[in-house]
Amino acid sequence: MARNEDLPALAAKISATLAVKPEIFITHPAELRILRSMTDDDLRNFAAEHGWRIVRRLGGRQIEFYNDASTRGVVA
């Protein structure tokens, strides 16, 4: 997977939000550009690596991240 240099910052933002809220909606064009530069498989793997799941909404204008309950309690 080709890594974007802005991806770690976006991952930190998602992680921080999911620590206090059940979901985060990525709608900012710059953030969406980072995520759209990844293939669907890469994006799903990125989410799975962090214990998240993703849902694409609104014709690609929004990507939602949620904590993946199926990975809770699993020690990495």
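Model, not experiment: these values are computed from the prediction.
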Original post:
Can you name the nearest heavy-atom pair linking Gln62 to Thr27, along with the distance?
Top reply: OE1-CG2, 3.7 Å
Subject >> Heavy-atom closest pair, residues Leu43 and Arg56 >> reply: CD2-NH2, 3.1 Å
Original post:
Do Tyr66 and Leu10 sit in the same hydrophobic cluster, where Ile, Leu, Val, Met, Phe, Trp and Tyr count as joined when their side-chain heavy atoms come under 4.5 Å apart?
Top reply: no
Original post:
What's the shortest heavy-atom distance between His50 and Ala11, and which atoms?
Top reply: NE2-CB, 4.0 Å
Original post:
Tell me, which pairs form a salt bridge (charged side-chain N to carboxylate O under 4.0 Å, His left out) where one or both residues lie in residues 11-29, sequence neighbours left out?
Top reply: Lys13-Glu31
Subject >> Heavy-atom closest contact (Glu5 atom, Pro8 atom, distance) >> reply: O-CD, 3.5 Å
**OP:** Look at Asp6 together with Arg33 and state whether they make a salt bridge at an N to O cut-off of under 4.0 Å.
**Re:** no
Subject >> pair Ile54-Leu35: side-chain heavy atoms closer than 4.5 Å >> reply: no
Subject >> Atom of Leu18, atom of Phe65 and distance for their closest heavy-atom approach >> reply: CD2-O, 3.6 Å
Original post:
How many angstroms lie between CD1 in Ile63 and CZ in Arg36, if you round to the nearest 0.5 Å?
Top reply: 6.5 Å
